[in-house]
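See structure below.
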Amino acid sequence: MPIYAEARDNLLSNWKTKLIHSQANVPQGFRSLVTPVFRGSTTLFERAADAVDHWDHDESPYSYGLYGTPTALELAARIAELEHGKKTFLTPGGQSAISLINLALLKAGDHVLLPESVYGPNANFAAEMLGKFGVDVQTYTPTVGEGISADLRANTRLIWCESPGSVTMEVQDVRAIAEVAHRAGALVVLDNTYSAGVYFDAFAHGVDVSMQALTKYIGGHSDLLLGSVTTNDHAVYKSLGAASQQLGLTVSPDDCALALRGMQTLAVRLAAIQSAAIRIAKWIAARPEVEIVLHPALPSCPGHDLWLRDFTGSTGVFSFVLKKRYRRQDVVDFIDRLRLFPVGYSWGGVTSLAVPWTAGAHRPNWAYGERLIRLHIGLEEIDDLLADLTRSFEALPAYGPGA
Ligand SMILES: *Cc1c(COP(=O)(O)O)cnc(C)c1O
């Protein structure tokens, strides 16, 4: 095994040294269906003269575990393949994918645009970190489409999109935004977590960088945190790689192995989750207690026509809003009565979830008061989920028609 074993044979007899430099052998030629979990911080070079430290595996061989073992590179390559991208970087979570993109592509004096419907921690990173480093941050109306041109400035470098948006689910005209951005020399970044990278083809719609929280559908079982950043642009690739090295972002090969396993069942999980979520969303929309259901496949969702035009499917996270007569206490009681919907953040796993939502600071135009409930639909029997929801709807207080 060790390349230097021959030369140092006489040094290998002491048992303590053997513990470190063993000459034990195992049969070669094991083949399985599973990507091996390669762990390793140090990776070895043939000769001293070969030692280099470079993140880019296209330019140099494996040089340090920080830049990924073959397990991570396999997952990255499969995400790139799935999203029709050229290159993917993995990050410790979706949020670090967001911060990597911002730190790699923005500098002091740049202007960045984020939709009001953007994932909350993305807005917080922009307001606090980017603000601290001299980047000008502005939010925009997610449904603005080509009207985004009014928000562009000479120094606009990046336009974030998230479609559908977090919690309020606005579907964006990503193609129109990308056309405006590219005319002005700006880049478009999409948080493509909702579509699992498959129900919306980011690069076919003009996106320059697509990121996902692999934590959600790729992992699919609520047992790992990972993010991905995918691009087709060589200059962006180089900036992301350098920033990833400088920030020291790395991922666990064990988590990557779980994500690789999750990917194998992505198609069947998404199909089951999609049809269950649509059925439940339509059922909720017919309840007299409900003001609106925010699910992209329902006409009530802002941007539903764009979803029809641009998406090939929908997934399991959506929201609904109780009528104005209900109060915050009714909302939390409604959720606490549910037995098959534990309360928790994140989504994309096999367990249905429910969580109440109110406006963050980046959402001045939030229209739903304290009456919004976000659901994630998992893989339980649909009739059981409906029975659970029925019980909780029926236990809401009757305020009378005037209330
Ligand atoms: C969950 C989520 C993230 C962040 O992912 P983590 O892995 O939890 O850090 C980013 N964007 C969206 C849309 C998400 O739902």
Side-chain angles (χ1 to χ4, degrees), residues 35 38-45 50-108 110 112 122 125-126 129-130 133 135 157-160 181-182 185-193 197 202-203 206-215 218 225-253 255-257 259-260:
T35 306
F38 289 98
R39 302 167 193 271
S41 50
T42 297
T43 63
L44 300 178
F45 301 95
D50 296 339
V52 286
D53 181 20
H54 200 303
W55 61 267
D56 192 345
H57 298 95
D58 288 347
E59 287 184 19
S60 52
Y62 289 102
S63 61
Y64 191 46
L66 188 74
Y67 320 131
T69 74
T71 315
L73 267 55
E74 172 85 22
L75 176 61
R78 284 178 178 238
I79 297 293
E81 180 179 69
L82 201 66
E83 291 206 43
H84 308 133
K86 283 208 180 82
K87 290 286 180 188
T88 294
F89 293 94
L90 299 178
T91 58
Q95 180 62 11
S96 47
I98 290 166
S99 53
L100 170 63
I101 291 166
N102 283 324
L103 292 170
L105 301 179
L106 292 167
K107 61 180 187 317
D110 284 346
V112 60
N122 189 341
F125 184 90
M129 283 290 183
L130 294 180
F133 292 123
V135 175
R157 168 74 176 143
L158 218 64
I159 303 178
W160 272 92
H182 293 159
L187 294 169
V188 175
V189 181
L190 174 71
D191 186 331
N192 204 13
T193 304
F203 298 108
V207 166
D208 300 291
V209 184
S210 168
M211 57 84 31
Q212 271 194 73
L214 304 181
T215 308
I218 300 291
L225 287 144
L226 280 173
S228 67
V229 181
T230 303
T231 188
N232 278 333
D233 182 307
H234 190 69
V236 169
Y237 164 69
K238 286 288 184 185
S239 301
L240 288 168
S244 179
Q245 176 177 27
Q246 287 155 29
L247 290 165
L249 299 183
T250 194
V251 295
S252 153
D255 289 346
C256 292
L260 283 164

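When reading the values below, keep in mind they use all heavy atoms of this one structure, side chains included, and skip hydrogens, waters and symmetry mates. Just so we're clear, the structure is a prediction, and the values are computed from it rather than from any experiment.
The side chain to side chain contact (heavy atoms under 4.5 Å, CB included) test applied to T215 returns A213, L225, S346, not counting sequence neighbours. Not counting sequence neighbours, S96 has no partner by the side chain to side chain donor-acceptor pair (under 3.5 Å) test. Every side chain to side chain contact (heavy atoms under 4.5 Å, CB included) that E74 has, sequence neighbours left out, goes to T35, R78, L260. Every residue meeting the side chain to side chain contact (heavy atoms under 4.5 Å, CB included) condition with A259, not counting sequence neighbours, appears here in chain and number order: L75, I218, L224, L226. Remark: H57 pairs with Y62, Y67, L73 by the side chain to side chain contact (heavy atoms under 4.5 Å, CB included) rule, at least two apart or across chains. With sequence neighbours excluded, the residues that form a side chain to side chain donor-acceptor pair (under 3.5 Å) with T193 are D191. For D110, the side chain to side chain donor-acceptor pair (under 3.5 Å) partners at least two apart in sequence or on another chain are K107. With sequence neighbours excluded, the residues forming a side chain to side chain donor-acceptor pair (under 3.5 Å) with E83 are S210, Q212, listed by chain and number.
The distance from the OG1 atom of T230 to the CG atom of L90 is 8.5 Å, given to the nearest 0.5 Å. With rounding to the nearest 0.5 angstrom, the OG atom of S99 is 6.5 Å from the CG atom of L249. Separating the CG atom in L187 from the CG atom in D233 is a distance of 6.5 Å, to the nearest 0.5 Å.
Between T71 and A257, the shortest heavy-atom distance links the atoms CG2-N, 4.0 Å. The shortest non-hydrogen separation linking V52 to S60 is CG2-CB, 4.0 Å. Heavy atoms only, all atoms of each residue included: T88 and S228 are closest at CG2-CB, 3.9 Å. Considering every non-hydrogen atom in both L66 and G248, the closest pair reads CD1-O, 3.8 Å. The shortest heavy-atom contact between S239 and A104 is O-CB, 3.7 Å. Taking every heavy atom of both residues into account, T69 and G40 meet most closely at CG2-O, 3.9 Å.
With S63 contributing its side chain and H54 its backbone, the two residues share a donor-acceptor pair below 3.5 Å. Proximity of a side-chain donor or acceptor of R157 to a complementary backbone N or O of L105 within less than 3.5 Å is detected.
A heavy-atom distance below 4.5 Å is not found between the side chains of F133 and L106. For the pair M211/I101, a side-chain contact is recorded, criterion being any heavy-atom separation below 4.5 Å from C-beta on. Taking the side chain as every heavy atom from C-beta outward, Q95 and F125 approach each other to under 4.5 Å. Residues I98 and W160 have side chains in contact (heavy-atom distance under 4.5 Å, counting atoms from C-beta outward). Proximity of P70 to F38: side-chain heavy atoms (C-beta onward) are separated by under 4.5 Å at one or more points.
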Go through the steps for L190 and V209 under the test side-chain contact (heavy atoms from CB on, under 4.5 Å), then give the verdict. CA-CA 6 Å; L190 174 71; V209 184; over 6 Å; no
Please assess V189 against I159 for the test side-chain contact (heavy atoms from CB on, under 4.5 Å), listing each intermediate value before the final yes or no. CA-CA 6 Å; V189 181; I159 303 178; over 6 Å; no
Let me see the working for D208 and H182 under side-chain contact (heavy atoms from CB on, under 4.5 Å), right down to the final yes or no. CA-CA 10 Å; D208 300 291; H182 293 159; 2.7 Å; yes
In sequence, state the C-alpha distance, the side-chain angles, and the governing distance for T91 and L214, and then conclude on side-chain contact (heavy atoms from CB on, under 4.5 Å). CA-CA 9 Å; T91 58; L214 304 181; over 6 Å; no
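No hydrogens or angles considered: nothing links the side chains of N232 and H84 as a donor-acceptor pair under 3.5 Å.
Aromatic pair W55/Y237: ring centres closer than 6.0 Å.
Within the structure, every pair that satisfies the salt bridge (Lys or Arg N to Asp or Glu O under 4.0 Å) test and touches residues 51-61, not counting sequence neighbours, is listed here: D56-K238, D58-K87, E59-K238.
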